[in-house]
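Since the structure comes first, as structure tokens, the remarks are kept for the end.
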Amino acid sequence: MVETNKVRLQKAMADAGIASRRKSEELIAGGHVLVNGKVVKEMGVKVDHHDKIEVDGVPIHNEKKRYILMYKPRGVISAVKDDKDRKVITDLLEEDFRERVYPVGRLDYDTSGLIILTNDGDFANKLMHPKYHVEKTYVAKIKGILALEEIKKLERGMKLKDFKTSPAKVQVMSKDMKKGTSIVKLVIHEGHNHQVKNMFAAVGHPVIKLSREKYGFLTLDGLVSGKYRDLTRQEVAKLKDRK
Ligand code: URA
């Protein structure tokens, strides 16, 4: 699911620089504002980037489309808001970052790594659809040492609680016999909640630490934890081009 990031109409107007929230409320009450071609006079209507908002017949400025690649640290929620007031991913954006971007998919609170943020809903939906097969590469520190049969299970696809995973690529990168832990690279193209943790748990090797190192052809090269960059035009075009 895409985080739709709905906001009150007067806030969307204020964010677009039309007027203060209070003044925007007056404009709404006065019948100056159309949402998707219909006059909205009541307060409380919520909108997002899919809605066409016009004030006195002029569409409000559409935000510039942004495509951000971020290196998410552990201890941050990949959402734009949190009920428990924990740090969210958009808190990591610089103060003068204007566009209202949101994460494409999720990384768990305790997972670090590559995540894309955007305000382009079509782009986000496309990337998240399993049909587009964006490969995500994770590196997990797990408890124990994988047996050959367990590796095969992960590779073939396995039944989890509510679905069967597609075939995955598995590469054991190192084993620490003394500590009884391993580092394993896992490549999947789905994005179910806690999928990687659930896959390893299902073969009896709970994840201790998890990081997403790659998203399709994108890597974290040149970024440190907590930092981000805009995707290049070529990178965006390449991602949009997926059939
Ligand atoms: N799989 C998980 O279990 N956690 C993540 O954060 C991402 C994929």
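Because only heavy atoms are used, hydrogens play no part in the values below, and waters and symmetry mates are left out as well, while side chains stay in. Read the numbers this way: they start at 1 and go in the same order the structure lists the ligands and their atoms.
Using a 4.0 Å cut-off to heavy atoms of Q195, the atoms of ligand 1 that qualify are 1 (N), 2 (C), 3 (O). Listed by atom number, the atoms of ligand 1 under 4.0 Å from T111 heavy atoms are 4 (N), 5 (C), 6 (O). For ligand 1 and K197, the ligand atoms under 4.0 Å from any heavy atom of the residue are 2 (C), 3 (O). Taking every non-hydrogen atom of D108 and a distance limit under 4.0 Å, the qualifying atoms of ligand 1 come out as 2 (C), 3 (O), 4 (N), 5 (C), 6 (O). For ligand 1, the atoms lying closer than 4.0 Å to a non-hydrogen atom of V196 are 1 (N), 2 (C), 3 (O), 8 (C).
Contacts between L210 and ligand 1, counted as non-hydrogen atom pairs separated by less than 4.0 Å, involve the side chain only.
Annotation: cation-pi geometry satisfied between R86 and Y109 (NZ/CZ under 6.0 angstrom from ring centroid, within 45° of ring axis).
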Could you walk me through whether Y67 and F123 pass the ring pair (Phe, Tyr, Trp, His ring centres under 6.0 Å) check?
CA-CA 9 Å; Y67 306 91; F123 176 80; 4.8 Å; yes
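The shortest N/O to N/O separation between Y138 and ligand 1 does not fall below 3.5 Å.
Put simply, CG on L154 and NZ on K169 are 14.5 Å apart, with the number rounded to the nearest 0.5 Å.
Remark: K197 engages D108, D110 in a salt bridge (Lys or Arg N to Asp or Glu O under 4.0 Å) (not counting sequence neighbours).
Counting heavy atoms of neighbouring residues, nucleotides and ligands inside a 6.0 Å radius, atom CZ of R66 exceeds 12 of them.
Residue pairs meeting the ring-ring contact (aromatic ring centres under 6.0 Å, His included) criterion with at least one partner in residues 169-196, sequence neighbours excluded, are H133-H189, F163-H192.
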